[in-house]
Every structure is written in structure tokens, then in C-alpha cells.
Amino acid sequence: MSSSQPFLASSPISPAAGRRRKSRFTYKHLTQLGNSSTTCPLRVIAHIDLDAFYAQCEGVRLGIAEDQPLAVQQWQGLIAINYPARKFGLNRHINIVEAKKLCPNLIIQHVATWKEGDEKWAYHKDAFAHIATHKVSLDPYRLESRRILACIKDVLPAPPIQRVEKASVDEVFLDLSAQIHSILLERYPEISGPAPYDDPTEFLPRPSTTALDWNTDALVDLDVSETEDDDPDWDDIAILLGSEIVRLVRAAIRERLKYTSSAGIARNKMIAKLGSGHKKPNQQTIVRNRAVQYFLGEFKFTKIRNLGGKLGDEVVSKFATDEVKELLSVPIEQLKSKLGDDTGTWVYHIIRGEDSSEVNARTQIKSMLSAKSFRPIINTSEQAVRWLRIFVADIMSRLVEEGVLENKRRPKTLNLHHRQGAQMRSRQAPIPTGRPIDESMMFDIAKNLLGQIVVDGRAWPCSNLQLSVGGFEDGPTGNRGIGGFLVRGEEAKAMMPSGRDTDGVASTNDDELPEKRRRLNDGGIQNFFQKGEISHEDSAEYSDPADHAGNTSPVQSGPSSDETSERVNYDEEAKTKRSTTQHRGTLAPLQQSSLESWFCDRCSKSIPITAKSEHEDWHFARDLQAQERTTSTPDPRSDSSKATGHAQGPKKTQGTRPGNLSIQKRIEKGQSRLAFGNKLS
DNA sequence: GTGGATGAG
DNA sequence: CGCTCATCCAC
């Protein structure tokens with residue numbers, strides 16, 4: 001039974017089908033809809049998925065006819081196959097010659113690649129021949145993804161009504177609740193007034209509509225036990241409105257940018273996602289609330305997000321089934337005892353179609369990675385350093401493309417992953433604040449990280465290297481909260497209490513804050529890019545000298561306590577200049593001795609390896625002094641209780657990894673670093 | 001905060 | 001398959 005959703009199957013007043021005079025939903029539910037509350041039973045979520053995205057990108061780029069079979073090649077494999085080609089039985093795990101055999105008419109396009117020394121990726125002829133010297137670039141697809149995202153945002157109402165979450169390069173979630181709420185009030189005056197007796201628990205009147213035009217959308221069938229003859233209620237109206245919105249969004253993407261997409265519309269992210277995959281390509285699927293049970297029952301639960309991997313396997317083996325239908329009969333207590341309380345509870349609810357995870361109004365990435373699997377494997381630091389140059393150039397150009405400079409976001413850490421056979425190691429270092437990021441700085445840090453891995457031993461031969469930047473959202477927290485700075489979007493959100501209230505207060509979308517909120521009463525926005533000397537040629541355009549406010553917060557301490565802070569000029573003029581400024585970084589020539597000097601992250605300088613300990617001691621002493629000056633604020637930042645329960649996903653059960661085989665030597669270093677860190681914190 | 005693992009596409 | 005991106009967790 002659907003006892004888990006009392007508002008669906010049984011209502012406090014649940015007379016014969018079609019005879020109810022009241023809706024199953026209350027005025028409170030309607031208000032929740034306007035708030036995009038994650039618990040609102042009228043909620044409408046959409047998932048839009050571009051069809052065979054990489055293949056479509058190439059088709060659009062090359063002007064290839066849409067019915068032409070087309071596949072995208074990456075080295076020897078195919079990573080995307082368009083729908084015309086799929087009719088020939090092509091799939092992703094097939095090689096080039098087999099594909100050609102099955103479909104002689106197939107067009108195969110290799111992805112773009114980066115070549116060492118080039119300042120940009122390009123579509124190279126005969127790319128496969130250069131596997132040893134090029135790395136693939138997915139930039140073309142990221143760029144198209146951005147255009148599509150912009151298109152979606154353009155056709156939807158402005159934030160905060162608009163809520164768009166970029167789920168991957170070719171997928172978005174939309175929370176249409178708030179928009180639908182305003183449409184409902186507009187179109188149905190009978191519910192636009194206040195609740196009778198001002199009592200929000202009063203039930204709404206029934207919709208005046210008696211039959212809905214479900215258009216040509218794929219409507220998920222109902223189980224025989226469900227009642228189709230029931231008159232539509234407000235959840236049906238809401239989801240139909242959602243479907244109309246999605247139709248418009250998809251049409252805009254289609255007409256403006258030539259891309260087809262598929263979509264699912266449902267009451268939560270999980271069902272919407274399953275729905276978008278139900279009918280492809282170029283179709284949309286509505287999963288009404290009353291159809292959820294039946295729709296979900298037909299699936300293997302390993303198709304549900306988070307159950308596609310080891311957790312799913314574990315559930316399969318512990319309950320001897322992979323079907324949702326079977327698992328529904330397992331009592332929650334048994335799920336909890338076999339999977340752990342949190343995971344068991346999460347599984348219990350998710351297979352019943354309950355998912356209250358929110359659509360995060362987030363479209364910006366949090367990390368960026370450039371990687372290469374070596375074929376053949378490489379054996380020297382020389383080779384590795386050459387790849388680092390490519391990685392750095394790649395990441396740098398993507399940083400510029402992302403507009404991170406304009407948005408006042410910048411990565412905080414640089415990370416180098418290294419693989420030797422099955423052994424994976426990584427080292428990361430902070431990206432020094434106080435001056436603009438450029439290629440030579442990143443290259444220096446990357447070389448240093450490589451050095452750290454190399455001196456640990458067992459570095460060669462190396463089969464894979466990845467360089468990444470991360471920690472995009474965090475500016476320096478040291479100055480916050482003191483001057484009452486109003487910060488932008490993501491940062492403001494990060495400062496909010498972690499738990500949303502039960503009615504789901506709309507969170508701030510950072511992307512398009514109104515101008516009046518950008519401009520502060522008198523505070524200015526803390527610009528954490530231009531602390532210290534201004535060396536980058538763009539810098540003069542960022543800061544407003546007349547606006548200088550020496551910030552001498554005592555929290556800001558350490559080796560860089562003498563930094564000054566500048567405020568940002570948000571004039572449109574400056575904005576234009578900024579966005580048109582081109583990045584043209586140049587790398588210093590490769591140095592033979594690069595691994596013999598040591599790069600100090602603290603002051604961003606290269607130090608002879610022989611002077612390393614002395615230099616570190618100097619920092620240590622300086623840190624101690626700084627700490628003594630600032631022994632005030634306790635700052636309990638630990639209590640960020642993320643008790644979101646199962647709303648966001650299953651809680652991982654205990655690691656139970658097979659004992660870590662890594663070397664004990666590491667412990668020395670780890671402990672010494674830990675001790676050092678403790679003194680600082 | 002760091003390094004490793006999982007999971008998705 | 002190879003390349004990304006996000007999240008979680010023990011340390």
C-alpha cells in the first residue's frame with residue numbers, strides 16, 4: 001500500500017472516486033509549493049538529458065544530417081553513439097572496426113586533443129596516431145553545455161523562482177515548483193485567496209478542470225489497482241504545467257541551438273531522472289504521483305541512483321533479489337539490521353519513490369581535472385613534467401573560460417594524482433593567495449607536487465597522471481563577519497545554517513543577484529584576489545583605489561598578515577573590460593633542475609633544497625608568534641552537523657577496506673606534519 | 001585539511 | 001574504455 005504517502009491514496013475525506021468536493025491538498029501545501037519546499041506533495045521536478053550529447057555536439061559542429069549514423073571516438077574507443085547509429089546495434093563497448101562492419105555508413109569523429117606547446121586544443125587529423133603525445137580535450141562539449149545551460153536559464157523566470165542544477169555535462173535538474181505556484185494562483189482564482197478562517201490546514205477546493213489534456217507526452221501507465229477515473233487533483237495540474245514548461249525549454253534548446261533532449265517530470269529528482277530515460281530520444285515523460293508506485297516497481301533497484309555500484313551489489317546479495325518489487329516486501333527493520341540504520345532507512349524510502357533531496361541552484365563547478373593515461377607508460381620525471389605543462393595550460397585556459405576571474409571565484413588547492421599499476425598516490429598543495437593565478441605559478445606548484453611523489457619512491461613506471469584544482473568556493477574566511485560584508489551567492493549560501501527549515505526557505509541563487517544586492521550599502525565586497533601587490537595586468541581594472549579600506553582584522557594572521565585588501569568595482573564598464581581581457585600566459589622554459597629546488601607554498605618562492613629545513617623553521621617560528629597574538633576567538637567551526645539524514649543519499653556504512661597496504665614510512669611524515677598543523681590551529 | 005574510495009555519466 | 005566531476009570518510 002501507499003501508506004507512506006497518505007496524501008496520495010487516502011485522504012481524511014476520501015469518498016467515492018470523483019465525488020470529493022475538496023482536494024487532498026491544503027493551503028499549506030500550496031504555500032510550500034511557492035517555497036520549493038522539498039517535502040511539498042505538489043512539488044514538480046524535471047530532469048533534462050541531452051540525447052547522445054557528445055555525438056550531437058559533433059553533428060551540430062560539422063553540420064551533419066541528423067539521420068546520419070555518427071559516433072565519437074576517443075583513441076581506440078567510442079564514447080558516444082547517436083541514435084541513428086544505435087539502430088545498427090552499436091554500443092559503447094565496441095571498437096572501431098566492429099562498428100564499421102556493423103554500420104559501413106558510420107561517420108566517426110575523434111575528440112579534440114591538446115598537443116604540448118599549443119595554446120589551445122584542436123581537432124587534429126589522424127588523432128589516434130598521436131596518442132603518445134596528445135591528451136584529449138572535452139572542452140568543446142563543456143562549451144556547448146554552457147550555451148545550453150544559458151539557454152535554459154534564459155527561458156525560465158529569473159531566480160529565485162528559477163532553480164537549475166547542473167547535474168553533469170549533459171544533464172540538468174529543474175525545480176519548477178515556485179514557477180508553477182505562481183501560474184496556479186494566476187489561472188485558478190479559487191485558490192489564490194487566503195485560507196478559510198486563515199487556517200492553512202484547510203483543504204483546497206478541487207480544481208475546476210474536469211479533464212486534462214495530457215498532450216502527446218508519454219504518460220506512464222497506471223497499475224490496474226490505481227484509479228484513472230478519479231478527477232484530477234492539484235498535483236496532476238501542477239505536473240502538467242511542469243510538463244508544458246519543460247516542453248518550452250526543450251523547444252528553445254532545439255530551435256536556438258539545434259539540440260534534442262529527453263526529459264522526465266515527476267515529484268522528485270529520483271523519479272524525474274528515471275523518467276527522462278524512459279523514452280528517448282527527443283521525448284518527455286510524465287510520472288504522475290499516482291503512477292510512481294507502478295513505474296518504480298518495474299525497475300531493478302540497481303537502476304536507482306546510488307544503488308548502481310557496490311552498495312547495490314551488497315543489497316542484491318543480502319536480499320537475493322535485484323527487483324524493487326521484491327524488496328518492497330522487506331520490512332524496514334530487516335533493511336536496517338542488514339544494511340545499517342541509515343542505509344536501511346534510505347533504501348526503504350527510496351524504493352518507495354520518496355526522495356526529498358533538493359535541487360541545488362548551482363551551475364558552477366567545484367573542481368577541475370586534467371588527466372592522461374599513458375600508453376605506453378612513462379618512466380622519467382622529464383616526461384612527467386612535460387605532461388604537467390599540458391595539464392597546467394589546459395586547466396588555466398578552462399579557468400579563464402569558466403570566467404572564474406569575473407566571478408571572483410578561484411581555486412584554493414592544486415592536486416596531483418599519480419598511478420603506478422594499482423598503486424594510486426596523490427599530493428596536494430594550497431594555491432597561494434595574494435596574486436593572480438598564472439601558468440608559471442601553477443606549473444611550479446605542480447612540479448613540486450611531482451617532486452614529493454617522486455621522492456617517496458616507487459614512482460616509475462607511471463601509467464596515469466592527473467592534475468586538478470579545487471576548493472573553488474572558499475575565499476579567505478578571515479575577514480568575514482566583522483565588517484558586515486555582504487557576500488555573493490555561493491559564499492552567502494555557505495554561510496547559511498546548514499539545515500533548511502522544514503518549509504524549505506528558498507536559497508539564494510548566486511548567478512544573477514540583483515545589482516542592488518551586489519552593491520553594498522557601504523561595505524563593498526571583499527576581493528580576495530587582489531591582496532598584496534598587484535602584478536597582473538588586469539589588476540588595475542579590478543580595484544578601485546578610492547575605495548581602499550585597510551582591513552586589519554585580528555583573525556587574519558600568519559605570514560601574510562600585512563596584506564592589504566581592496567574592494568571591487570562592479571561598474572558595468574569594468575565588467576566589460578574584465579570579460580574581454582584575454583589570458584595569454586607564458587610558461588618559463590622547462591628547467592632541468594626543477595626537481596632539485598623546493599617550492600615553498602607559504603611564500604610562493606623556490607628555495608634550494610638544501611635550505612629547506614631552515615626555511616621551514618623560519619615559518620614555524622613566525623607562525624608561533626602570529627598565534628600568540630591571536631589567542632582570542634575560540635571559533636567553534638566544528639559543529640556543522642550535517643545530519644541531513646537520508647535526504648541526500650545513503651549514508652555509507654563503515655569503510656571495511658581491506659587493510660591499507662601503504663608503507664609505514666608515511667607515518668613519520670604524516671605525524672610530523674600533523675604535529676606541525678596542530679600547533680597552528 | 002589530506003588522501004583514498006565510491007559513484008555517476 | 002578514458003576522462004571528468006562530486007561526495008564521503010578515516011586519518
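Chain A is the first sequence line, chain B the second, and so forth, proteins listed ahead of strands; every chain is numbered from 1. The structure displayed is predicted, hence computed values, not measured ones.
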Ranking B:dG4, B:dG7, B:dT2 by distance to the side chain of A:Arg425, first place goes to B:dG4
Rounded to the Å, how far apart are A:Arg375 CZ and C:dG2 P?
6 Å
A:His417 has an atom NE2; how far is it from atom P of C:dG2, in whole Å?
18 Å
Which of C:dG2, B:dT2, C:dT4 is nearest the side chain of A:Arg142? It is C:dT4
Applying ring pair (Phe, Tyr, Trp, His ring centres under 6.0 Å) to A:Tyr141 and not counting sequence neighbours gives A:Tyr54
Classify the nucleic acid contact of A:Asp170 as base, sugar-phosphate or nothing, counting any heavy atom under 4.0 Å across all strands shown.
sugar-phosphate
Do the side-chain N or O atoms of A:Ser426 get closer than 4.0 angstrom to the phosphate oxygens (OP1, OP2) of B:dG4?
yes
Could you tell me whether the phosphate oxygens of C:dT4, OP1 or OP2, come under 4.0 Å of any side-chain nitrogen or oxygen in A:Lys135?
yes
Where the side chain of A:Lys366 is concerned, which of B:dG4, C:dG2, C:dT7 is the nearest nucleotide?
C:dT7
Whole-Å distance, A:Gln73 CD to C:dC3 C1', equals 15 Å
Whole-Å gap separating C1' (C:dC1) and CD1 (A:Ile96):
11 Å
Tell me yes or no: between the side chains of A:Asn415 and A:Ser468, is some donor less than 3.5 Å from an acceptor?
no
A:Trp75 side chain, from C-beta outward: closest of C:dG2, C:dT4, B:dT2:
C:dG2
With respect to the phosphate group of C:dC3, does any side-chain polar atom (N or O) of A:Ser373 fall under 4.0 Å of OP1 or OP2?
yes
When you measure from the side chain of A:Ser367, which nucleotide among C:dA6, C:dG2, B:dG7 comes out closest?
C:dA6
Using a 4.0 Å heavy-atom cut-off, does A:Ile453 contact any base of the nucleic acid, only the sugar-phosphate backbone, or nothing at all?
nothing
Regarding the side chain of A:Arg362, the nearest nucleotide among C:dT7, C:dG2, B:dA8 is C:dT7
Pairwise salt bridge (Lys or Arg N to Asp or Glu O under 4.0 Å) hits with a residue in residues 123-138 of chain A, at least two apart:
A:Lys135-A:Asp394
Atom pair distance, as rounded to whole Å: CG in A:Leu465 and C1' in C:dT4
16 Å
Of the nucleotides B:dA8, B:dT2, C:dT4, which one has an atom closest to the side chain of A:Arg305?
B:dA8
Residue pair A:Asp51 / A:Thr260, side-chain donor-acceptor N/O under 3.5 Å
yes
Just checking A:Gln466: base, sugar-phosphate only, or nothing, at a heavy-atom cut-off of under 4.0 Å?
nothing
Among the nucleotides B:dG7, C:dC5, C:dC3, which one has an atom lying closest to any side-chain atom of A:Arg398?
C:dC5
Any Lys/Arg nitrogen of A:Arg147 or A:Glu144 sitting under 4.0 Å from an Asp/Glu carboxylate oxygen of the other?
yes
Any base atoms under 4.0 Å from A:Arg419, or only sugar-phosphate, or nothing? Heavy atoms, all strands.
nothing
note: A:Arg92, atom CZ; C:dG2, atom C1'; distance rounded to Å ~ 12 Å
Spacing between A:Ile79 atom CD1 and C:dT4 atom C1', to the nearest angstrom:
11 Å
Gap between atoms CZ and P, on A:Arg427 and C:dC11 respectively (whole Å):
17 Å
A:Gln428, nearest nucleotide to its side chain (from B:dG3, B:dG7, C:dC3)
B:dG3
Please verify the inter-ring angle class for A:His418 with A:Trp460; under 30° counts as parallel, over 60° as perpendicular, anything in between as tilted.
perpendicular
Can you tell me which nucleotide in C:dC5, C:dG2, B:dT2 comes closest to the side chain of A:Gln76?
C:dG2
